Undergrad: 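The structure under discussion is supplied below as structure tokens; questions concerning it will follow.
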Amino acid sequence: MVDETRRKKRLDRSIKVRTEGLYAISSGAEMFYLILPRAALIVGLLALPLFLDMYWQKVLCAAGVYALLSLGFDFLAEYVGLVCLGGAFFIGTGGYISGLLNSYFGWSGLLCIPIATLGGAIFSTLVFIPALRLRGIYFAIISFMFPIFARDIITTLNIFGGTEGISALGTLPNVWTEIYLILLAVIIALFAIRRLVNEDIGLILRGIKDNDQAVKASGISITSYKIKAMFIASLLGSFGGAYLSHKYGWVGISLFAMDFSILPIAASVMGGMGSLAGPVLGAFALTPLSEALRGFGQLRVVIYCFILIGFIVYKPEGLLIYFQRKYHQFELWEKV
Amino acid sequence: MMPVLEAKDMMVFYENAIAINNVSLGCHRGRITGIFGANSAGKSTLMYTISGIILDVKKKEKMRGGERITVLGKLIYEGKNIIYMEPSMRAREGIILCPERRRIFNESSVMENLRIGGILATRDQAKKTLDRVFTMFPALKNLKRREGGFLSGGEQQMLAISRALMAQPKVLLLDEPLLGLSPAIEEVLTDAIVEINREMGITILISEQYARSILPIIHYGYVLENGGAVLEGNSQELMDNPDVKSAYFGI
């Protein structure tokens with residue numbers, strides 16, 4: 001029954017209020033308060049591979065790719081209003097461009113990856129431009145079709161190795177380069193996008209999500225901003241794809257697999273939509289989870305679904321937003 | 001006489017901010033009760049609380065991890081405390097809200113809108129109310145097949161009131177029925193409100209910031225300010241009050 005005499009009050013911690021603005025640099029405690037969560041994330045991610053064996057290091061690399069995709073998905077969905085289910089398309093284009101460059105010209109992986117990242121992003125953005133005029137569910141459907149479309153073109157025309165794919169690509173020098181390349185990419189992308197959404201361009205993008213007519217009325221071309229946002233998100237995905245192709249030494253149509261489109265959604269829901277760091281952590285939690293559940297065979301999908309349903313029903317705000325609130329605020333009972 | 005709908009010490013918090021502060025008010029059977037106040041006075045929150053929509057908003061906010069909404073106090077309707085009753089159940093009991101900004105179904109025709117409103121009514125009741133609505137608002141009669149979204153603001157408001165009437169209300173809650181309408185339409189609507197009250201015998205609770213045309217037709221009214229009821233009285237008393245005069249009539 002509802003207690004009629006008191007209610008729970010939620011207040012910001014005094015240190016949170018003190019750390020807003022310039023006062024943050026007034027004392028060590030305030031600076032520590034600000035730096036702690038960020039440093040914990042960076043140090044945690046960088047130190048993680050040192051404690052893992054070979055197998056889990058591989059899983060960590062895959063999780064990093066999913067983290068980049070989740071970051072891109074969250075950025076597009078929560079800050080631009082484009083629910084993009086075409087993550088696999090970014091991965092595929094990046095992977096194939098890198099693989100083709102490597103196998104035809106024999107360029108090394110470390111050269112191919114940046115070229116493929118940029119090239120894949122430009123190509124994906126060009127392909128997505130006609131769809132950018134759409135919004136909401138229509139955009140989601142179209143973006144979902146792109147990877148399937150690309151996969152079928154490759155198999156039916158039998159280009160780029162067809163169903164076999166292209167194998168024997170150059171791999172990265174050693175396992176530590178592999179791991180730290182992707183981890184650094186995740187960290188840099190995370191902080192860069194965090195910064196970006198707080199700049200002017202982020203303001204406009206959030207405006208487009210909120211009310212695109214009002215943004216148009218302010219004399220801003222929303223399509224050009226959507227293209228820019230799309231380019232940024234596809235950069236992340238293409239990098240992931242190019243990286244994967246050199247990690248496995250192989251590209252094939254499985255780069256267009258639906259997993260790349262779907263897992264980011266799950267990771268975002270779990271980590272907390274719109275928090276950017278949340279989806280990244282969600283991806284780092286979900287990928288190993290689905291690996292660990294591999295022993296259950298088909299049943300792991302069921303367990304996986306239960307976890308997701310549990311999150312949507314009981315913690316729809318997501319883990320990171322919940323912990324963020326606990327970190328910044330406290331609660332007390334107050335007499336009415 | 002006991003009021004049919006009575007709020008006792010009602011309080012609503014949006015997180016730490018207080019939106020409704022200890023408001024007590026009563027709505028007598030067959031009367032028009034008015035609630036007046038400027039923006040941010042708490043009129044809409046009060047209507048949401050009485051109609052129960054606030055419970056829905058509360059749940060959604062909770063799911064998002066947003067503001068926590070606390071509702072305290074008593075809302076007594078026909079002798080029962082219904083403050084934690086679901087909005088749909090309240091509608092079944094006869095408390096029908098005609099929401100602010102109309103909220104008609106844009107993609108359904110006028111007739112369909114009315115039929116959705118009349119789902120709780122029996123066939124006879126629906127037919128009778130339909131006739132009544134079309135005599136009260138002849139403008140709607142020619143627009144039966146028009147989609148709701150293509151109606152003008154005034155027609156939409158007429159439709160919204162009609163839709164609420166189709167649900168056979170015992171207490172009709174009108175949230176800012178004159179929002180953004182021309183003086184001519186205002187007159188049509190105030191006449192209709194009086195007619196609904198007088199001829200259909202429906203108790204009406206109306207919230208409005210545009211007091212000039214509503215104040216004369218109410219039987220009893222409350223003035224809200226910053227979430228608290230600062231003034232109450234019958235129509236004449238309120239109109240004679242110097243504060244009300246300066247705030248709402250500019251005299």
Side-chain angles (χ1 to χ4, degrees), chain A residues 1-14 16-17 74 77-78 81 136-138 209-211 213 268-279 281-282 308-336, chain B residues 6-24 42 45-46 48-50 52-77 80-87 89-90 101 106-107 149 180 226-229:
Chain A
M1 202 47 223
V2 187
D3 189 342
E4 290 277 335
T5 56
R6 55 182 203 160
R7 76 185 192 92
K8 226 175 194 179
K9 199 173 179 180
R10 197 185 273 163
L11 288 173
D12 282 359
R13 289 181 202 282
S14 54
K16 160 149 205 272
V17 182
D74 191 40
E78 285 294 305
I137 187 77
Y138 304 103
K209 190 204 170 202
D210 234 16
N211 188 340
Q213 286 174 343
S268 301
V269 169
M270 186 172 167
M273 294 284 281
S275 59
L276 295 180
L281 293 178
L308 271 185
I309 293 171
F311 265 102
I312 290 173
V313 174
Y314 295 107
K315 270 273 162 280
E317 49 183 339
L319 284 178
L320 192 83
I321 294 178
Y322 175 78
F323 286 122
Q324 221 169 21
R325 210 174 54 220
K326 292 283 167 210
Y327 189 66
H328 288 313
Q329 297 181 319
F330 65 98
E331 292 176 339
L332 58 93
W333 286 101
E334 178 206 44
K335 237 179 152 44
V336 177
Chain B
E6 191 180 11
K8 273 187 186 163
D9 306 327
M10 204 149 70
M11 290 182 105
V12 177
F13 292 87
Y14 288 113
E15 200 60 70
N16 300 331
I18 188 159
I20 298 284
N21 190 358
N22 245 338
V23 170
S24 298
T45 307
L46 188 65
Y48 281 160
T49 316
I50 293 174
I53 304 288
I54 192 108
L55 298 179
D56 195 51
V57 179
K58 179 179 171 174
K59 193 162 185 185
K60 278 185 185 142
E61 280 290 316
K62 195 180 164 194
M63 294 297 268
R64 279 202 312 130
E67 289 175 324
R68 279 175 313 182
I69 298 172
T70 322
V71 181
L72 297 172
K74 283 198 177 107
L75 182 66
I76 295 167
Y77 174 65
K80 273 187 302 185
N81 185 10
I82 58 161
I83 188 100
Y84 298 118
M85 193 192 251
E86 282 291 307
M89 293 310 291
R90 292 189 204 193
R101 269 180 262 278
N106 279 331
E107 291 177 11
N226 292 330

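Heavy atoms only: backbone and side chains are in, while hydrogens, waters and symmetry mates are out. If you're wondering where the values come from, they're calculated on a predicted model, not measured in any experiment. Order of the sequence lines sets the chain letters (A, B, ...), proteins ahead of strands, with each chain counted from 1.
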Undergrad: With rounding to the nearest 0.5 Å, note down the distance linking CE in M11(B) to CZ in R7(A).
TA: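 That separation rounds to 8.5 Å.
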Undergrad: Measure distances from E331(A) to the heavy atoms of chain B and classify the residue's part below 4.5 Å as side chain, backbone, both or neither.
TA: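 Side chain of E331(A) only, per the 4.5 Å heavy-atom cut-off to chain B.
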Undergrad: Just wondering, are more than 12 heavy atoms of other shown residues or ligands nearer than 6.0 Å to OH in Y327(A)?
TA: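 Above 12, so yes.
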Undergrad: Taking atom CG of L332(A) as the centre, report whether more than 12 heavy atoms of other residues, nucleotides or ligands fall under 6.0 Å from it.
TA: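 Atom CG in L332(A) is packed in, count exceeds 12.
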Undergrad: NZ/K8(A) to CD/E15(B) distance, rounded to the nearest 0.5 angstrom?
TA: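 So the NZ of K8(A) and the CD of E15(B) are separated by 11.0 Å.
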Undergrad: Would one find more than 12 heavy atoms of other residues, nucleotides or ligands at under 6.0 Å from atom OH of Y322(A)?
TA: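 It does not: Y322(A) OH has 12 such atoms or fewer within range.
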Undergrad: Within a 6.0 Å radius of atom CZ on R101(B), are there more than 12 heavy atoms belonging to other residues, nucleotides or ligands?
TA: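 Open: at most 12 neighbouring heavy atoms sit under 6.0 Å from CZ of R101(B).
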Undergrad: Nearest 0.5 Å, what's the CZ-CG distance between R10(A) and N16(B)?
TA: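 Those atoms lie 8.5 Å apart.
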